[in-house]
Amino acid sequence: MRDGQVMADELLDWYDRHARVMPWRVGPRDRASGIAPDPYAVWLSEVMLQQTTVAAVRDYFTRFLALWPSVHDLAAAEDARVMGEWAGLGYYARARNLLKCARVVSGELDGVFPDTLEGLMALPGIGPYTAAAIAAIAFGRPETVVDGNVERVMARLFAITDPMPGSKPALREAAATLTPNLRPGDYAQAVMDLGATICTPKSPACGICPWRDDCAGRAEGIAAELPRREAKKPKPLRVGIAYVGRREDGAWLVETRPERGLLGGMLGWPGADWGEVAIEAPPVDADWRDVGEDVRHTFTHFHLRLDLRVARLPMDCVPERGHFAPKLAPSDLPTVMRKAFDLARSALD
DNA sequence: AAAACGTGGGC
DNA sequence: TGCCCAAGTTT
C-alpha cells in the first residue's frame, strides 16, 4: 500500500475526470468561477441521501430547494406540507428531524449551520456520517466521512475480512488513514462515487479502478466477497386492514399518524395496528365492503399484507377517527398507503 | 446495543 | 420472484 496522501491524490485525479453531475454538487469548475457550496443545500442533500439512492433523491432535492430556497423558508413551512413533499422517499423520521433542525438553525443560530463535528452532531437528524459530510463538503474540514460505500471500499482495499457490523471501527480507522487535508469534500464524494460506480457490491469493476494496484482484496481474489456481514434475521409477516372511505363530495377519510413510530407524522388510512392477525376497526359505522385484492408491501423489518375495505360515506358522516381531506393528492401518501389508494379507487368507481 | 425505521432498483 | 442493498440516525 502506498502513502495515504498519494492515494488520495490519485483518487481526486480520477474524480476530476469522472465526477457525476448532481444538482447538489459544486464541482471544481464551479468553485473556479466563485461558486461556494451552500451549507443548507449540502445538509438537505445529505439528509435525503441517508440510506437512499442518488436516483431517488434527485427530484426531491430539486423540488425542496425550489420550494424552500433557504433554511429560513424551510423553518417557516407547515409540517404537513413538508411531510407531503417527503412522501415516497421513506424513513419519515428524517423529514420530522429536518424540520426540527431547520427551526433550530433558523431560530437559534441565525440561519448559520455549525462548521464543527460537535456542533453539527448536536442537531436533530445529524449523526456521525452527515456531520462529517457537511463539515468536509460545505466547510472544507478534513473529517473522515464513512458511509456504506466507504466501508465497502475500505474492506476491500485493506482486505478486512471480519464481518460487519463488528468490523466498523476497523473500517473507520482504515478510512481515516487516507483522509486528505486538501479537498476533503471532493475526496469524500470521490470515495462514495467510486463505491457507487466501480467498487460496487456485486461484480466490482476492478480492472478500471484507480486503486486497483493498491487493493489487498483484489490481490487476494476476495474483493467481491467483501465486506462480509453477519446473517440477517428473517422478516415476519404482519397483517392488517385499511379502511378507505370516500364521502359523497369526493373527500377522503384519512388520518395523520402519530409522530413516533412507523410512517410517523404521515397521512394514512384508518385501521388498527398491524400484527399477527388482522383486527377489524372501522373508523365510522358504514357499509364497508371487502375489496377482492390486498396490498403487499415490504418494510425494513417485516412483510405486510393489508386487506382493504371501502365505503361511500354520507355528507353527515362523523367519523370516530381521522378527518376528511377534500383534495387528497396520492403523492402526499407514503407508498404503502398510495398502493391501498390505487386499489380502493378502482373498487369505488 | 440491538432493533426500529421505507422504498425502489438490480439481478 | 425474492433477496440484497443504498451518501444512517435514534432510542
Side-chain angles (χ1 to χ4, degrees), chain A residues 19-20 22-25 42-61 83 86-98 100-101 120-134 136-138 143-153 164-166 168-169 172 175 185 187-197 199-204 224-225 227-238 257-266 268 274 295-304 331 333-339:
Chain A
R20 298 178 291 170
M22 299 180 191
W24 50 84
R25 189 168 273 179
V42 173
W43 162 72
L44 179 61
S45 69
E46 290 302 339
V47 172
M48 287 184 165
L49 285 163
Q50 290 167 5
Q51 294 286 282
T52 309
T53 57
V54 166
V57 165
R58 198 172 246 118
D59 290 350
Y60 281 86
F61 172 83
M83 298 311 286
W86 196 277
L89 200 53
Y91 283 140
Y92 299 101
R94 292 184 295 170
R96 285 177 266 132
N97 285 329
L98 190 80
K100 284 185 199 161
C101 182
L120 288 162
M121 291 253 282
L123 294 167
I126 299 184
Y129 162 78
T130 308
I134 296 172
I137 298 169
E143 304 294 353
T144 300
V145 177
V146 182
D147 75 328
N149 289 300
V150 176
E151 286 171 342
R152 183 173 58 257
V153 170
M164 295 244 285
K168 278 173 178 277
R172 163 171 287 283
Y187 171 79
Q189 295 178 87
V191 185
M192 294 191 282
D193 265 22
L194 186 73
T197 61
C199 196
T200 52
K202 296 163 190 171
S203 319
E225 317 169 8
R228 298 203 228 276
R229 296 174 194 277
E230 300 286 3
K232 48 202 62 161
K233 39 197 67 165
K235 297 185 204 296
L237 173 68
R238 290 190 199 170
R257 298 172 60 86
E259 248 339 83
R260 320 269 308 216
L262 192 71
L263 309 178
M266 300 300 291
W274 308 326
V295 171
R296 306 296 175 101
H297 192 78
T298 298
F299 292 96
T300 309
H301 52 297
F302 65 93
H303 300 288
L304 175 68
S331 62
L333 297 171
T335 298
V336 63
M337 300 298 175
R338 188 177 47 69
K339 287 182 181 176

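In what follows, every chain begins at residue 1, and chains take the letters A, B, ... in the order their sequences are listed.
A:Met266 comes within contact range of no nucleotide atom at all, as no heavy-atom separation falls under 4.0 Å. No engagement by A:Val145 is indicated, since no non-hydrogen atom pair under 4.0 Å with the nucleic acid exists. Residue-level contact check: A:Gly261 touches the backbone only, with heavy atoms under 4.0 Å from sugar-phosphate atoms and none from bases.
At least one donor-acceptor pair closer than 3.5 Å links the side chain of A:Tyr60 to the backbone N or O of A:Ala87. Proximity of a side-chain donor or acceptor of A:Arg257 to a complementary backbone N or O of A:Gly268 within less than 3.5 Å is not detected. Here the side chain of A:Lys202 pairs no donor or acceptor atom with the backbone of A:Ala224 at under 3.5 angstrom. Under the 3.5 Å distance criterion, the side-chain polar atoms of A:Arg172 are left unmatched by any main-chain donor or acceptor of A:Val146. A donor-acceptor distance shorter than 3.5 angstrom exists from the side chain of A:Ser45 to the backbone of A:Val42, with no hydrogens or angles considered. With hydrogens and angles ignored, the 3.5 Å screen pairs a side-chain donor or acceptor of A:Gln50 with a backbone N or O of A:Gly125.
Here A:Arg172 does not reach the OP1 or OP2 of C:dG8: none of its side-chain N or O atoms lies under 4.0 Å away.
Checked against B:dA4, B:dG6, C:dG8, the side chain of A:Gln50 finds its nearest nucleotide in C:dG8. Minimum atom distance to the side chain of A:Arg152 is reached by C:dA6, of the listed C:dG8, C:dA6, B:dG6. With distances taken from any side-chain atom of A:Lys233 to the nucleotides B:dC5, C:dC5, B:dA3, the minimum falls on B:dA3. Closest to the side chain of A:Arg229, from the set C:dT9, C:dA6, B:dC5, is C:dA6. Comparing C:dT9, B:dT7, B:dC5 by their nearest atom to the side chain of A:Tyr129 picks out C:dT9. If you check C:dC4, B:dT7, B:dA4 against the side chain of A:Pro334, the one that comes closest is B:dT7.
In this model, no side-chain donor or acceptor of A:Thr298 finds a partner on the base of B:dG6 within 3.5 Å.
For A:Arg260 and A:Glu46, each mapped to the nucleotide of DNA chain C holding its nearest heavy atom, the one lying further toward the 5' end belongs to A:Glu46. Looking at which nucleotide of DNA chain C each of A:Lys235 and A:Val146 is closest to, the 5′-most match is held by A:Lys235.
Contacts of A:Tyr129 classified as ring pair (Phe, Tyr, Trp, His ring centres under 6.0 Å), with partners at least two apart in sequence or in another chain: none.
To the nearest 0.5 Å, the span separating OG1 on A:Thr53 from CZ on A:Arg58 amounts to 10.0 Å.
Taking the six-membered ring wherever Trp is involved, the centroid distance between the rings of A:His297 and A:Phe299 falls below 6.0 Å.
Atom P of C:dT11 sits at a distance of 13 Å from the matching atom of B:dG6, rounded to the whole Å.
In this structure, A:His303 places its NE2 atom 16 Å from C1' of B:dC5, rounding to the nearest Å. Across the protein-nucleic acid pair, A:Gln51 atom CD and B:dG6 atom C1' stand 10 Å apart, rounded to whole Å.
A:Arg94 and A:Thr52 share a donor-acceptor pair across their side chains, judged by distance under 3.5 Å alone.
Within residues 89-98 of chain A, the residues approached by DNA chain B to less than 4.0 Å at the level of any non-hydrogen atom are A:Leu89, A:Gly90, A:Tyr91, A:Tyr92, in residue-number order.
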Using the 3.5 Å cut-off, write out each protein N or O paired with an N or O of nucleotides 8-11 of chain B and the distance between them.
{"unit_1": "B:dG8", "atom_1": "OP1", "unit_2": "A:Thr335", "atom_2": "OG1", "d": "3.4"}

